[in-house]
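Written out below as structure tokens is the structure these notes cover.
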Amino acid sequence: MAKLETATDEAMLAEQVRQAFKTRTSLEIMGGGTKLTFGRPVEAENQLSVGGLSGITLYEPAALTIVAKTGTTLKEINETLAAECQQLPFEPANYAGLLGSKGEPTIGGTIACGISGPRRIQAGAARDSLIGVRFVTGEGEVVKNGGRVMKNVTGYDLVKLMCGSHGTLGVLTELSFKVLPNPETTAVLLLTGLSDEAAINALSAALTSSYDVTGAAHTSRGLDGEPVTMVRIQGFRKSVKYRSEKLREVLAQFGPADIETSARTKAGWKWVRDVEGFAKEKGAVWRISCKPTDGPKIVADLQSLDISNVLYDWGGGLIWLAVPEAGDCGASEIRRAVSNHGGYATLVRASVETRRKIPVFHPQAPALEKISRDLRQKFDPAGILNPGRMAPAEALELEES
Amino acid sequence: MSTIEMPAPDRSIIERRGEIIAALAEAAGEENVISDPAETLAYECDALAAYRCPPLAVVLPHTTQQVANIMKTCSRLGVPVIPRGSGTSLSGGALPTADAVVLGVSRLNRILETNYDNRFIRVQSGMTNLSVSDAVSAEDFFYAPDPSSQLACAIAGNVAMNSGGAHCLKYGVTTNNLLGVTMVTTAGEIVEVGGPWCDPAGYDLLGVICGSEGQFGIVTEAVLRILKKPEGARPILLGFNSSEVAGACVADVIKAGVLPVAMEFMDGPAIIACENFAQAGYPTDVDALLIIEVEGSDSEIDEQLAKIKKIAKQHKPEVMRESESAVQSDLIWKGRKAAFGAMGQISDYMCMDGTIPTSQLPFVLGRMSEMAKSYGLAVANVFHAGDGNLHPLILFDANKPGDQEKCEALGYDILKLCVEVGGCLTGEHGVGIEKRDLMDCQYTEADMEMQMRVKDVFDPAWILNPAKVFPMETSHSRRTHNQPEKAA
């Protein structure tokens with residue numbers, strides 16, 4: 001794969017894509033390069049870097065709005081926001097450790113992969129914070145959608161369509177976000193020794209309380225090897241104290257909860273957010289999205305799989321599973337179990353051969369597969385953008401023009 | 001006289017009226033088809049009542065399967081379909097044409113599943129917004145989006161327009177609270193998109209369906225996020241001598257890290273109209289009123305309001321009054337939620353819906369009043385200050401020749417101003433027909449082309465709500481070419 005000259009602005013990038021469209025030359029899109037192995041392996045002739053499109057173009061703290069070019073690192077955005085005591089609502093994760101890659105994740109890559117962290121249950125997903133995009137289509141046209149205001153229903157919402165499309169509908173060039181104030185303080189309630197089922201019941205009790213939980217996770221193997229269940233409360237000092245005590249009462253039926261307010265809480269949630277417990281784990285890693293109370297049931301259905309690690313986030317609605325990299329990595333059993341209960345399973349980490357062999361993304365109903373295929377055809381008629389990333393490239397039929 | 005054009009009805013369709021009505025009766029049951037002109041008249045308009053046209057027929061199915069049969073029938077016969085929730089659209093989203101069938105979802109009004117542990121409810125889309133909250137209220141849950149029309153508006157329309165409300169500063173709009181839909185495609189296929197879980201399987205189709213103004217399919221069921229009610233909520237009223245100062249106060253509250261559930265703004269004319277209507281206890285001698293509401297336990301509310309009051313004091317408010325009882329709080333909101341009705345008692349008006357970056361608030365308010373003056377019209381302002389979603393109400397006299405045209409022209413100028421300062425044409429009402437011809441102020445040909453290509457995927461023949469959202473010329477070739485038998 002040849003690397004194209006790094007574009008320094010949107011116009012140059014659009015020209016590169018236009019040329020690629022004319023010559024039917026496929027492109028792998030690269031931001032920080034930390035998530036190139038997320039998805040099916042891309043089968044492309046050239047690599048198109050967006051790293052040259054970098055920098056924050058607008059930041060208005062009082063309007064809770066930030067606009068950044070696609071190649072801006074998450075680190076730069078987080079630091080800029082932190083200087084004004086603000087943050088991205090969806091708590092973006094860094095999967096470099098999990099995927100064994102190097103470098104700094106960019107905002108464009110984070111959005112292209114649609115990655116949301118623990119606060120997703122309270123503040124919404126990446127797609128909910130994203131309020132505007134500019135992108136280059138597969139024909140090299142520059143298109144914008146949404147804008148820089150947080151309430152906008154003008155025309156169709158292509159912003160959400162672009163988020164999580166893994167670069168297969170266009171090359172993102174600029175993104176606008178709604179931001180939130182940083183909480184004044186954080187408290188975490190910790191329960192230990194719970195079974196998966198009891199833990200998820202405890203998290204449900206917390207999430208269905210009035211106390212505005214911003215994180216709800218459980219691991220059967222915490223830092224000291226024991227099961228730990230975590231509930232996070234954030235906000236103004238007095239309020240956090242009040243709510244954490246109220247929640248301790250709510251959770252009393254599941255056991256005594258410790259309330260932790262030290263800086264350690266930050267590291268704990270980073271551990272959940274970045275799936276750090278799985279970084280050193282060998283084997284394939286699955287990510288399952290389901291109804292929270294189905295989480296433990298799905299895991300129980302998979303006892304035959306030799307699961308080496310499980311992490312529940314989003315109150316049980318997000319399950320991380322590590323399984324041996326052998327055969328189909330449990331794909332048929334996992335997808336059967338997930339389909340029985342409802343939800344989706346994505347193969348986030350596996351070898352190139354495995355990801356080529358097994359559908360990385362959950363197979364959809366034929367009608368939805370067709371809509372997705374047709375959309376791709378409309379946005380990238382020649383199928384040159386990240387071919388193969390979400391579906392095998394040969395499934396894309398080039399329309400006669 | 002109306003100034004927004006609709007395409008001339010296709011005579012070849014109108015001539016086949018008898019055949020079409022018979023086919024609809026077969027598809028959905030005779031008892032669910034309305035064809036008597038005296039009865040179809042009730043469906044001639046929505047809340048943009050200046051524009052009216054009785055449809056060819058109306059069909060009110062009871063089941064998703066009937067909706068599928070209707071869509072198959074209309075696709076086969078090449079008849080345009082206008083989806084309708086409760087008909088409360090302010091942008092003409094449910095306006096029919098004489099050659100179209102109105103497909104209303106009002107009889108799809110059942111709750112299908114309530115799941116408190118997993119915080120969702122699955123409902124048929126004809127349920128009203130408020131009835132969803134009411135259905136879970138006994139368990140102290142609620143559905144967050146709360147458009148002013150929530151007593152009447154249907155979930156189907158909320159999904160179509162991605163409706164907002166006063167409390168979306170904290171809780172988001174429809175798209176942020178919608179987990180899944182059951183949708184009937186134009187081909188009559190029933191598809192499930194999303195569900196009561198957090199991530200999509202592939203492309204975020206749900207995200208692009210929400211807000212597609214009834215142009216992609218008929219949503220018959222929705223899975224909605226429900227939330228536990230906060231322990232309590234309390235509004236505070238702040239009166240200022242100028243809109244600029246009120247705007248600066250809003251900015252400072254947000255900058256200080258307080259995120260109220262709602263920050264509503266009214267200017268002088270709106271305050272007086274609302275007070276006369278609702279006796280909400282608003283001060284009528286100030287130029288700008290803010291209603292700021294915070295939530296939590298009593299002590300949490302006290303903590304947040306103390307911060308807000310401290311900030312407000314720096315801006316020297318004329319009035320600063322905290323609600324002292326649930327009755328007072330209800331009254332304060334009654335006044336705000338009745339704003340459109342209250343203005344309607346005084347005058348005919350058109351309600352605009354642009355959004356601007358909040359930093360542009362003082363400039364836009366000043367410029368708007370200059371523009372109104374030059375047209376010889378008055379404007380009252382009621383809006384969501386926290387997110388910059390303006391609702392200028394332009395007052396006019398429908399009986400005075402030329403006044404409506406003048407009002408629409410001023411409305412267009414105001415919306416263009418919103419776009420010029422970095423905002424958008426519509427924050428929560430949708431484009432419909434009302435802002436259709438302004439789309440090219442905000443979007444380039446290429447921007448609109450990509451949007452229309454998405455419609456091409458969902459509705460290849462462009463039979464669903466066809467003459468909306470895009471300027472008539474921009475969508476012309478698609479609306480005609482895709483139906484070769486109708487090309488004139």
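If you're wondering where the values come from, they're calculated on a predicted model, not measured in any experiment. So that the names make sense, note that chain A is the first sequence line, chain B the second, and so on, each numbered from 1.
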Distance check, rounded to the nearest 0.5 Å: B/S299 atom OG versus A/F236 atom CZ? 13.5 Å
B/Y443 versus A/T154, side-chain donor and acceptor atoms under 3.5 Å: no
Heavy-atom pair with the smallest gap, counting every atom of A/Y344 and B/A201: CD2-CB, 3.4 Å
B/D302 and A/K238: salt bridge (Lys or Arg N to Asp or Glu O under 4.0 Å), yes or no, with the steps? CA-CA 10 Å; B/D302 289 341; A/K238 274 194 233 164; over 6 Å; no
As an exercise, state the distance from OH of A/Y156 to CD of B/E213, rounded to the nearest 0.5 Å. 8.0 Å
Measure distances from B/E139 to the heavy atoms of chain A and classify the residue's part below 4.5 Å as side chain, backbone, both or neither. neither
Any side-chain heavy atom of B/T355 sitting closer than 4.5 Å to one from A/N152? no
B/R119 and A/T208: which non-hydrogen atoms are nearest, and at how many Å? CG-CG2, 3.7 Å
So, B/E303 versus A/S239: side-chain donor-acceptor pair below 3.5 Å or not? no
Which heavy-atom pair separates A/R148 from B/S359 by the least distance, and what is that distance? NH2-OG, 4.2 Å
Greatest number of non-hydrogen atom pairs under 4.5 angstrom with chain A, of B/K435, B/H429, B/Q215, falls to B/Q215
Please determine whether salt bridge (Lys or Arg N to Asp or Glu O under 4.0 Å) holds for the pair A/R243 and B/E300, giving the CA-CA distance in whole Å, both sets of side-chain angles, and the decisive distance to 0.1 Å. CA-CA 9 Å; A/R243 284 183 284 144; B/E300 288 176 274; 3.1 Å; yes
Indicate the atoms forming the closest heavy-atom contact of B/G257 with A/P181, along with that distance. CA-CB, 3.4 Å
Could you tell me the separation between the OG1 atom of B/T444 and the CD atom of A/E141, rounded to the nearest 0.5 Å? 8.0 Å
Contact between B/L205 and A/L375 at the side-chain level, heavy atoms closer than 4.5 Å - yes or no? yes
Please examine the side chains of B/R453 and A/T137, heavy atoms only from C-beta on, and report whether any two atoms are closer than 4.5 Å. no
Once you round to the nearest 0.5 Å, how far does CG of B/D456 lie from CD of A/Q377? 10.5 Å
Does a side-chain heavy-atom distance below 4.5 Å link A/R127 with B/T175? yes
Just verifying a value: how many Å separate B/W197 CH2 and A/S289 OG, rounded to the nearest 0.5 Å? 8.5 Å
B/L259 vs A/L64, test: side-chain contact (heavy atoms from CB on, under 4.5 Å). Steps then yes/no. CA-CA 11 Å; B/L259 194 67; A/L64 298 175; 4.1 Å; yes
